[in-house]
J.: 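First the structure, then my questions, so here it is.
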Amino acid sequence: MEVRLRFQAKRPGQSMNLDPVDMVFNSDSRHEPEAYETLLLDVMEGNPTLFMRADQVEAAWKIVMPILETWESRPPVDFPNYTPDAWGPEDAEALIARDGHNWITVTPAQ
């Protein structure tokens, strides 16, 4: 028996681009379950052990929000930011170049 679910998943990066992603559950094959299969099974069985409780989420945000607010109110000076399609800030290249090294650029396989 096979159950197939199709989701829209956001592509990594700053823009909001979605792609269809198939998740296939096949009870006839013997395989190790993937992370989302295990997670969905826990949801269907009502197993909350891998999920945060609401009070845990609230406590986490109480810790994180002051940090985010401080960062927003005091932006860093000369932050070496870069565009999403770049390999990183020029400062990273300069950092290792001081010791005679350089980054190796690898083109992802298509």
Side-chain angles (χ1 to χ4, degrees):
M1 182 174 101
E2 181 177 285
V3 176
R4 182 177 298 266
L5 298 174
R6 176 165 282 182
F7 296 90
Q8 290 293 324
K10 182 186 173 298
R11 270 189 244 149
Q14 298 295 321
S15 60
M16 182 54 113
N17 295 315
L18 301 174
D19 288 322
V21 176
D22 289 329
M23 186 180 303
V24 180
F25 302 94
N26 188 336
S27 62
D28 297 333
S29 66
R30 301 276 184 234
H31 73 284
E32 289 294 317
E34 293 185 24
Y36 282 110
E37 291 175 303
T38 304
L39 186 65
L40 285 174
L41 180 61
D42 286 343
V43 168
M44 291 186 286
E45 291 177 344
N47 180 355
T49 56
L50 297 178
F51 301 92
M52 292 182 73
R53 297 186 325 257
D55 61 326
Q56 292 173 309
V57 173
E58 291 295 327
W61 278 112
K62 283 182 183 176
I63 294 168
V64 171
M65 281 310 295
I67 297 168
L68 295 176
E69 289 165 356
T70 300
W71 287 350
E72 189 173 303
S73 67
R74 296 187 311 182
V77 178
D78 297 329
F79 183 75
N81 212 345
Y82 55 94
T83 60
D85 60 333
W87 282 97
E90 292 178 18
D91 291 352
E93 187 69 41
L95 178 68
I96 65 169
R98 282 185 274 180
D99 294 326
H101 301 288
N102 63 295
W103 295 104
I104 297 173
T105 304
V106 177
T107 305
Q110 294 293 337

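Values in this document were obtained by computation on a predicted structure and should not be read as measured data.
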J.: Does Asp55 have any salt bridge (charged side-chain N to carboxylate O under 4.0 Å, His left out) partners at least two apart in sequence or in another chain, and if so, which?
T.: Arg53

J.: If two hydrophobic side chains count as joined below 4.5 Å and joins carry through other members, does Trp103 share a cluster with Tyr82?
T.: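 Looking at the clustering, Tyr82 is in a separate group from Trp103.
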
J.: For the backbone of Thr49 and the side chain of Asn47, can you confirm whether one donor and one acceptor N or O come within less than 3.5 Å of each other?
T.: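 Yes.
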
J.: Would a hydrophobic clustering, with Ile, Leu, Val, Met, Phe, Trp and Tyr connected at side-chain separations under 4.5 Å, put Val3 with Leu39?
T.: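 Yes.
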
J.: For residues Pro80 and Pro89, report the shortest heavy-atom separation together with the two atoms involved.
T.: O-CB, 3.1 Å

J.: Just how far is it from atom CD of Glu90 to atom CG of Leu95, taken to the nearest 0.5 Å?
T.: 13.5 Å

J.: If you look at every heavy atom in Pro84 and Gln14, which pair is closest and at what distance?
T.: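 Minimum heavy-atom contact is CG-CG, 3.3 Å.
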
J.: Quick one: salt bridge (charged side-chain N to carboxylate O under 4.0 Å, His left out) partners of Arg74, sequence neighbours excluded?
T.: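 Counting only residues at least two positions away or on another chain, Arg74 forms no salt bridge (charged side-chain N to carboxylate O under 4.0 Å, His left out).
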
J.: Decide whether Val24 and Phe7 are clustered together by the hydrophobic rule: side chain heavy atoms of Ile, Leu, Val, Met, Phe, Trp, Tyr closer than 4.5 Å, transitively.
T.: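 They do not share one cluster, since no chain of ILVMFWY contacts under 4.5 Å joins Val24 to Phe7.
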
J.: Check this for me: Lys10, atom NZ, are more than 12 non-hydrogen atoms of other residues, nucleotides or ligands nearer than 6.0 Å?
T.: yes

J.: Please examine the side chains of Leu68 and Trp61, heavy atoms only from C-beta on, and report whether any two atoms are closer than 4.5 Å.
T.: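 Yes. Closest side-chain heavy atoms under 4.5 Å.
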
J.: Under the salt bridge (charged side-chain N to carboxylate O under 4.0 Å, His left out) rule, collect the residues that match up with Glu69, sequence neighbours excluded.
T.: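 Not a single residue meets the salt bridge (charged side-chain N to carboxylate O under 4.0 Å, His left out) criterion with Glu69.
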
J.: Same cluster or not: Phe51 versus Leu40, using hydrophobic residues (I, L, V, M, F, W, Y) connected whenever any side-chain heavy atoms lie under 4.5 Å apart?
T.: yes

J.: How about CD on Glu2, more than 12 heavy atoms from neighbouring residues, nucleotides or ligands closer than 6.0 Å, or not?
T.: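 It does: Glu2 CD has more than 12 such atoms within range.
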
J.: Working to the nearest 0.5 angstrom, can you tell me the gap between Phe25 CZ and Glu37 CD?
T.: 5.0 Å

J.: Shared ILVMFWY cluster between Val57 and Ile67, side chains joined below 4.5 angstrom?
T.: yes

J.: CZ/Arg11 to CG/Leu18 distance, rounded to the nearest 0.5 angstrom?
T.: 8.5 Å

J.: List the atom of Arg6, the atom of Asp22, and the distance in Å for their closest heavy-atom pair.
T.: NE-OD1, 2.7 Å

J.: How many angstroms lie between atom CE of Met65 and atom CD of Glu58, to the nearest 0.5 angstrom?
T.: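 Here the interatomic distance stands at 11.5 Å.
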
